[in-house]
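Just the heavy atoms: all of them, side chains too, but no hydrogens, waters or symmetry mates, feed the values below. Keep in mind that what you see is a predicted model, and the values were worked out from it rather than measured.
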Amino acid sequence: MFLPFFLLLYRISPDRIKNMVLLAGSLIFYALGEPRYLVLLMVSVLLNYMAGLHLEKSSRQKGKDKRQKKSKYEKRRRRMFVAAITVNIGALVFFKVVAEKNGLPLGISFYTFQVMSYLIDVYQGEQKRETSFIRFATYVTMFPQLISGPIVRYGEVSDSLRQRRFSLETLEEGMKVFTVGLAFKVLLADRLGLLWHDVQVIGFESISTPMAWLAAIVYSMKIYFDFYGYSLMAIGLGKALGFELPENFRMPYMACSVRDFYRRWHITLGRWFCRYVYIPLGGNRRGELRTVCNLLAVWLLTAIWHGSTANFLIWGMLLWLLIVFERQLSALGFDKVFHKGPLKAIQHLYLWIVIPVTWVCFAVTDVSQLQIILGRMFGVMEGIRVSAGDWMRALQNYWYLLGIGAVACTPVLQKVFRRSKDSFFCKLILVVLFWLCIWRIQVEGQNPFMYFNY
C-alpha cells in the first residue's frame, strides 16, 4: 500500500524537492516496520553527518605557521575519525551482543557499515564531504536498500542525489527487476522454506540421512532466493527512482570454489570487508602466513557481523579453513588441473557438497541441534523413529520447486529475461507473477526477509 502512494507523490514532485520526498517516504517506511528505533536511525544520521563535515582533508598549505595549523587540524581530524568509528562500532556491538535478545534495530548492520564507508572515504580523501544534510540523510535512509542492502558507497550515488532522471520508462524498467526479485522471494524462497520448517518440526534426530541432505540443499536455496530476491527488489526500486544500486549477487552457485562463491555472494559486504579490513591489514602482499591471518580477521568479523551465537563462529571459521585449504591447493597447481574439461565438474560437485554443510552451520543456532543434523547428514549419529522414505515423499511434494530453483541458480533465466524483457509476452508474465505474489502475501500473511535478523 505504501509503494503506489509514494511513487505517485514522487512522480508529481518537482526535481528540487525529490530528495526531501524520498527522505520523508523512507522515514515513514522505516517507522511502519520499526517505529521504536526510528530515533536511533536519525541520531546515527545526524552524528555521522556532523562527523563527516570535520573529516575532509585540508588543502595543502605552505609556511611554518600554516604547517603548524595544519598539524593541529590533522590531530583534531584524526580524533574525530576515531571517535566517530568507535561510536558506530560500539552501537553495533551493543545491539548485536548485549541487546540482541530484545531484537536488533531494523537494518542497523547495513546502515552502520554504509555510514562507516562514507566516513572512511572522506577521511582518506577518496570522497568529498557532503555538506547537504538532506542529501546525506537520503543516502543513508533510502528505503529500497535501507533494511538489507546492498551496502552502497556514497560515491556510487552522489551524482544521482544531485540530479537524476525519473520517468515512466525508468519506472517500468525498475518494476520489471523488482517483480523478478519479488517472485524469487514469495514463490520460491517462501515455498521452499516450508520443507525446512517441516524438518525442524519433525526434529533433526528423526530424519534420514538423505532427508538431512535434502533439507540442507533446500535451506541453501531458500536463503539464496530470499536474499537475492530482496537485492533485486532494492535494485529495481532504485532504478525506478533514478538510482543505479550495485550488484549484490552474481550466480554464486555457478562458482567452482568457496573463494569464488563468496566473490559472487553478498558482493557489497565482501567488498566492504576487503576494502576496509583486508587491504589495510596488508591483504596478500606480506607473505602467505600474514595473508592467512588477514583472512582469519575478515571471517571472524564476518561471523560476528551476522550474529553473536556460537554457530556463526563455527560457520565463519569453517569457511576460513576451506578458503585456506583452497589457497594451498591452488599454490600446488591443482586449480589448473581441474579448471578445464570434464574435471571441472569435480569442482562444482565439491562446492555443492560443502556449501550446504556451511549453511546448516549458519541456520541452526543451537549447537546441540547442529551436532545432531550434521551427525545425521554424515551418518555418524543414530536416528530416533526415522520414517523410511521421508526424503522420497518430500521430493514428491517439492520436486518442481527444486527444479525451478536449480534452473534459477544458473544464468539461464537471467539471459532469457535480458533478451525478452521488452516483449509483450514477458511483460504479461511479469504482471501475472506480480499479482500472484500479492495474492500469496494476502493469503499467507507476512513472511519477513531472512536478513532482517542480521
Before you tell me yes or no, could you show the steps for Arg271 and Glu156 under salt bridge (charged side-chain N to carboxylate O under 4.0 Å, His left out), namely the whole-Å CA-CA distance, both residues' side-chain angles and the distance that decides it to 0.1 Å? CA-CA 13 Å; Arg271 178 184 66 176; Glu156 294 175 310; 2.7 Å; yes
List the residues meeting side chain to side chain donor-acceptor pair (under 3.5 Å) with [X], not counting sequence neighbours, and say none if there are none.
X	result
Asp366	Ser368
Trp299	none
Asn284	none
Arg153	Asp121, Tyr276

Pair listing, salt bridge (Lys or Arg N to Asp or Glu O under 4.0 Å) test, anchored in residues 19-34, at least two apart: Glu34-Arg36
Applied to residues 281-307, the salt bridge (Lys or Arg N to Asp or Glu O under 4.0 Å) test, sequence neighbours excluded, yields Glu288-Arg327
Per the side chain to side chain donor-acceptor pair (under 3.5 Å) rule, what does the pair list look like for residues 225-239, sequence neighbours excluded? Lys185-Asp226, Ser231-Asn248, Lys239-Glu244
Would you tell me whether Gln127 and Tyr118 have side-chain atoms, one donor and one acceptor, within less than 3.5 Å of each other? no
Side chains of Gln114 and Gln145: is there a donor and an acceptor less than 3.5 Å apart? yes
Using 30° and 60° as the class limits, which term best fits the ring planes of [X] and [Y]: parallel, tilted or perpendicular?
X	Y	result
Trp272	Phe113	parallel
Tyr49	Phe136	tilted
Tyr219	Trp196	tilted
Trp359	Trp265	tilted
Phe362	Phe312	perpendicular

Listed by chain and number, what are the side chain to side chain contact (heavy atoms under 4.5 Å, CB included) partners of [X], not counting sequence neighbours?
X	answer
Met377	Ala212, Trp213, Ala216, Val357, Val360, Ile373, Leu374
Met233	Phe178, Leu182, Phe449
Val298	Phe273, Val277, Tyr278, Thr302
Thr358	Trp315, Leu318, Leu319, Leu322, Ile355

Among residues at least two apart in sequence or on other chains, which ones pass ring pair (Phe, Tyr, Trp, His ring centres under 6.0 Å) with His348? Trp352
Could Asp15 and Arg164 be called an ion pair, given the rule that one side-chain N must be under 4.0 Å from one carboxylate O? no
Using 4.0 Å as the upper bound for N to carboxylate O, is an ion pair formed by Glu74 and Arg78? no
Any chance [atom1] of [X] has more than 12 other-residue heavy atoms, nucleotides or ligands included, within less than 6.0 Å?
X	atom1	result
Met50	CE	no
Phe2	CZ	yes
Arg162	CZ	yes

Answer with yes or no after comparing the ring centroid distance for [X] and [Y] against a 6.0 Å cut-off, counting only values under it.
X	Y	value
Phe143	Phe6	yes
Phe166	Tyr10	yes
Phe249	Phe227	yes

Tell me, do Leu351 and Cys256 make a side-chain contact under 4.5 Å, heavy atoms counted? no
Thr138 versus Arg135: any side-chain heavy-atom pair under 4.5 Å? no
